[in-house]
Amino acid sequence: MTNPAAAALIARSNRLGADPKNTNYAGGNTSAKGTETDPVTGEPVELLWVKGSGGDLGTLTESGLAVLRLDRMRSLVDVYPGIEREDEMVAAFDYCLHGKGGAAPSIDTAMHGLVDAAHVDHLHPDSGIAIATAADGEALTKEIYGDKVVWVPWRRPGFQLGLDIAEIKAQNPQSIGCILGGHGITAWGDTSEEAEANSLWIIDTAASYIADNSKAEPFGPALDGYAALPDAERRARAAALAPTIRGIASADRPMVGHFTDADVVLDFLAAAEHPRLAALGTSCPDHFLRTKVKPLVLDLPPTASVEDSIARLHELAVAYREDYQGYYDRNAVADSPAIRGKDPLIVLVPGVGMFSFGKDKQTARVAGEFYVNAINVMRGAEGLSSYAPIDEAEKFRIEYWALEEAKLQRMPKPKPLATRVAFVTGAASGIGKATAAKLAAEGACVVIADLSLEKAQEAAAELGGSDVAVGVQVDVSDEAAVQAAVDAAVLAFGGVDLIVNNAGLSLSRSLLETTERDWDLQHDVMAKGSFLVAKATAKVMIEQQMGGDIVYISSKNSIFAGPNNVAYGAAKADQAHQVRLLAAELGEHGIKVNGVNPDGVVAGSGIFASGWGANRAAVYGVEEKDLGKFYAQRTILKREVLPDHIANAVFVLCGPELTHTTGLHIPVDAGVAAAFLR
Ligand SMILES: NC(=O)c1ccc[n+]([C@@H]2O[C@H](COP(=O)([O-])OP(=O)(O)OC[C@H]3O[C@@H](n4cnc5c(N)ncnc54)[C@H](O)[C@@H]3O)[C@@H](O)[C@H]2O)c1
Ligand SMILES: [Zn+2]
């Protein structure tokens, strides 16, 4: 049974974490102290429950809490070797755990354990950090809170900061919390209700003080020509720049992107002070670990042409990488971890919006959220005073902290298709749907493009939320519709790099029965459709300079002359030759082009369900429901081919093993000698 103190802590944490004004995503931590019976001695034992490393307050559950024995945790004070070796204390927390100990104790555990209060909250509210990063933060803290809240000068999170805050509480019995310079807030209370009320009071008092006292234009006057572009133009410009920007962010390692054109970003970028402030960088350790110390800012107005903007972005990327190398070289010491990559994680484009990057979509999205936090912090600090983040050397110590490095090293190995953005046409049904599911399961972000938006979105929802898959509407035979769908994909995940030309339909007719419309429809969807999709996506991939894959779902019928099949078979042969033509043409950009030749995939196939199956069954003189088995008996392996088998072949073609193969078709037909490739 959950201890009542821990239960109150979880409820309070969930309430605090649910409102973004209180703390950033996964930022901050909370704790409670209470008594339980020690199962070993039968005596009461005092415990500390504290949010463990990682995880978010809003969704905290009991398994996210570390549980420590308070007496042992506090005994660490006696063996603490001093600030130079404070990091060693994190390992010592493991010797204070009660029972199995729950989640891994975080670096902030000392602050929670040492402060003499039953309930403690440490949070990263934008309003509080605005005071914490104001040049005269100490004076502002006095002015805003009197002696109820105490200023603590910047100190890196750790055991010493815990000791400092415990001392401050002891020296200031009237205080309810403190502002941690450059960082955030900590509040306490004898009960969970009191701690929560004190946290909220500190946060809300700062926010209303800023609202009442801020200068009118904290970011300076509007910059001529930097106003946001109108909606449609803005999205089109974002889509046109996104591939270049994703390529820049991925020079050292491939990244997934997130785009936002929220007002808070556009307003910041439209004001005169944005270049100076962006260069100062973020301050709260949580913020800049996700955003890098500073963003890359395009220094052209949205009135500049796309070509000029792209050229300038490439220049700025070179400068950014040099600057980051300089930052590393200035600050690294002998035992610093190796440099982790010099590319920006945040790219700001005035009038257009913000691109943020990460190893997966969620990380990219959260990086963007954190930069919005940073903008809010800068607005508050500049409104009252001037924004003065912690200095570069301190940022470096945090970014390349041995404990942070250890956390990164503990991360699970990424899935084989992590960071890749797949665009699968006709993915609301059959083979396309199975392929989308396989690619997502192997770590790709997936765009499901199909005729019906509703069905595409349904299929995407089955794969998880929008961090995994999104559905878009497309008629692949319509060039403008293809461009719109590719733009939507690029805005959803930053770009595309794994294209599956799968959309198709099949009408089984003899030559004399085949109408001009039958011919055109099948050639429009399959031959022309995959050409249009290849063209629009290859442009993106060439601009990204990250290579890529195009996989065609052709057919056994691309080489096999089956009965009553002139339009379908010819369209499939056209697709199959596109594979070879494009493999030859796109190789210089690192883009591989391959195909899969399925046959007889009855289960799940819309093609078979909508008449083709009945027709085939009639042709072969079997019942429609037995068609799959019938096809199986025709094969060499006597196995039925399912959509998953095609999906597996797509994965192999674009996965990590087959890196040196292009222009190939893999038959997935359980063996049909007449369709052997030669
Ligand atoms: N099922 C098989 O045995 C088999 C064999 C060889 C090749 N193929 C090929 O595999 C692909 C998928 O077939 P399936 O059996 O999964 O069929 P399916 O009907 O289940 O799926 C095809 C999807 O393509 C979509 N689509 C059709 N026209 C479109 C357009 N203009 N724009 C966008 N989307 C469009 C449909 O809405 C549907 O969701 C097709 O290219 C087909 O020719 C299938
Ligand atoms: Zn913190």
Side-chain angles (χ1 to χ4, degrees), residues 23-24 26-29 106-108 111 121-125 128-129 132 155-158 161 180 182-186 283-287 289 398 424-436 448-453 455-456 458-459 472-478 481-482 485 500-507 521-522 524-530 532-533 552-558 560 562 565 568-569 571-572 575-576 595-613 616 627-628 631 640-643 645-647 650 667-669 672 675:
T23 201
N24 58 319
N29 31 59
S106 82
I107 187 77
D108 290 323
M111 159 167 57
D121 295 335
H122 166 62
L123 301 167
H124 299 155
I129 308 177
R155 182 184 287 289
R156 187 168 69 151
L161 183 65
L180 277 55
H183 178 171
I185 72 162
T186 294
S283 184
C284 175
D286 243 15
H287 293 181
L289 280 173
I398 302 238
V424 187
T425 68
S429 168
I431 291 171
K433 191 171 179 182
T435 301
I448 297 205
D450 210 307
L451 281 174
S452 148
L453 177 63
K455 286 193 181 142
E458 264 172 37
V472 299
Q473 197 276 327
V474 74
D475 175 351
V476 293
S477 64
D478 172 345
V482 168
V500 185
N501 266 322
N502 165 78
L505 78 161
S506 182
L507 309 166
L521 178 62
Q522 291 179 90
D524 280 352
V525 174
M526 293 179 288
K528 178 174 146 190
S530 35
L532 292 174
V533 169
Y552 279 65
I553 307 301
S554 313
S555 170
K556 174 199 76 172
N557 290 307
S558 67
F560 176 75
N565 215 4
Y568 179 79
K572 284 293 167 190
Q575 283 188 305
V596 180
N597 284 346
D599 187 42
V601 186
V602 180
S605 165
I607 288 181
F608 275 94
S610 60
W612 170 274
R616 292 285 102 180
L627 198 57
Y631 279 132
E640 183 171 353
V641 186
L642 301 173
H645 300 129
I646 318 302
V650 174
V668 184
D669 54 9
V672 177

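Start at 1 and go down the list; that is how both ligands and their atoms are numbered.
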Closest protein heavy atom to atom 10 (O) of ligand 1, given as residue, atom name and distance to 0.1 Å: Ile553 CG2, 3.3 Å
Separation between OG (Ser506) and CZ (Arg616), nearest 0.5 Å, reads 7.5 Å
Can you figure out which of Val601, Leu451, Val596 has its heavy atom closest to atom 30 (C) of ligand 1? Leu451
N or O pair under 3.5 Å between Ala449 and ligand 1: no
Take the angle between the ring planes of Tyr631 and Phe608 and call it parallel below 30°, perpendicular above 60°, tilted in between. perpendicular
If you measure from CD1 on Ile129 to CG on Leu180, what distance do you get to the nearest 0.5 Å? 10.0 Å
Per-atom contacts, ligand 1 versus Ser555 - under 4.0 Å to a heavy atom: 6 (C), 7 (C)
Any idea which atoms of ligand 1 are less than 4.0 Å away from a heavy-atom of Gly426? 23 (C), 24 (O), 25 (C), 39 (O)
So is Val474 touching ligand 1 or not, going by heavy atoms under 4.0 Å? yes
If you scan protein heavy atoms around atom 8 (N) of ligand 1, the nearest is Tyr568 OH, 3.6 Å
Does any part of the side chain of Pro667, heavy atoms only, come nearer than 4.5 Å to the side chain of Val596, both counted from C-beta? no
Supply the atom-to-atom distance Asn501 CG to Thr425 OG1, rounded to the nearest 0.5 angstrom. 5.0 Å
Would one find an N, O or S atom of Cys284, in either backbone or side chain, under 2.8 Å from the Zn ion (ligand 2)? no
Can Pro598 be said to touch ligand 1, with heavy atoms closer than 4.0 Å? yes
Find all atoms of ligand 1 within a distance of less than 4.0 Å from any non-hydrogen atom belonging to Phe608, and give their numbers and elements. 1 (N), 2 (C), 3 (O)
With respect to atom 41 (O) of ligand 1, which of Asn502, Val602, Asn557 exhibits the smallest heavy-atom separation? Asn502
Give the atom numbers and elements of ligand 1 that come within less than 4.0 Å of a heavy atom of Gly430. 16 (O), 20 (O)
For the 3.5 Å polar cut-off, considering only N or O atoms, please tell me whether Ile607 and ligand 1 meet it. yes
Going by distance alone, is a donor N or O of one side chain under 3.5 Å from an acceptor N or O of the other, for Ser554 and Gln575? no
Separation of Ile448 CD1 from Gln473 CD (nearest 0.5 Å): 14.0 Å
Should the pair His122 and His183 be assigned to parallel (<30°), tilted (30 to 60°) or perpendicular (>60°) ring geometry? perpendicular
Ignoring hydrogens and angles, tell me if any N or O in the side chain of Ser558 forms a donor-acceptor pair with the backbone of Ser555 under 3.5 Å. yes
To atom 15 (O) of ligand 1, the nearest of Ser605, Gly628, Gly613, Ala459 on a heavy-atom basis is Ser605
What angle, to the nearest 10°, do the atoms NE2 (His183) and NE2 (His122) form about the Zn ion (ligand 2)? 100°
Nearest to atom 7 (C) of ligand 1 by heavy atom, Gly504, Ala481, Ser554: which? Ser554
Can you tell me if Lys572 contacts ligand 1 (heavy atom of the residue under 4.0 Å from the ligand)? yes
Is there a donor-acceptor contact under 3.5 Å linking the side chains of Ser477 and Asp475? yes
For atom 32 (N) of ligand 1, the closest protein heavy atom turns out to be Val476 N, 3.0 Å
Are any of the N or O atoms of Ala428 closer than 3.5 Å to those of ligand 1? no
Return yes or no for this condition: an N or O of Lys556 is under 3.5 Å from an N or O of ligand 1. no
closest protein heavy atom to atom 4 (C) of ligand 1 is Ile431 CD1, 4.0 Å
So SG of Cys284 and CG of Asn24: to nearest 0.5 Å the spacing works out to 6.0 Å
N/O to N/O below 3.5 Å, does that happen between Leu505 and ligand 1? no
Tyr552 side, atom OH; Asn597 side, atom CG - distance, nearest 0.5 Å: 13.5 Å
Taking the side chain as everything from C-beta on, heavy atoms only, tell me whether Val482 gets closer than 4.5 Å to Val474. yes
For ligand 1, which atoms sit closer than 4.0 Å to a heavy atom of Gly600? 3 (O)
Closer than 3.5 angstrom, by distance alone: can the side chain of Asn502 be matched with the main-chain N or O of Gly426 as a donor-acceptor pair? yes
Atoms in ligand 1 with a heavy atom of Val525 nearer than 4.0 Å: 28 (N), 29 (C), 31 (N)
Option from Val601, Val641, Val650 for which side chain to side chain contact (heavy atoms under 4.5 Å, CB included) with Val668 holds: Val641
Considering Val533, Asp475, Asp669, Asp450 one by one, which has a heavy atom nearer to atom 39 (O) of ligand 1 than any of the others? Asp450
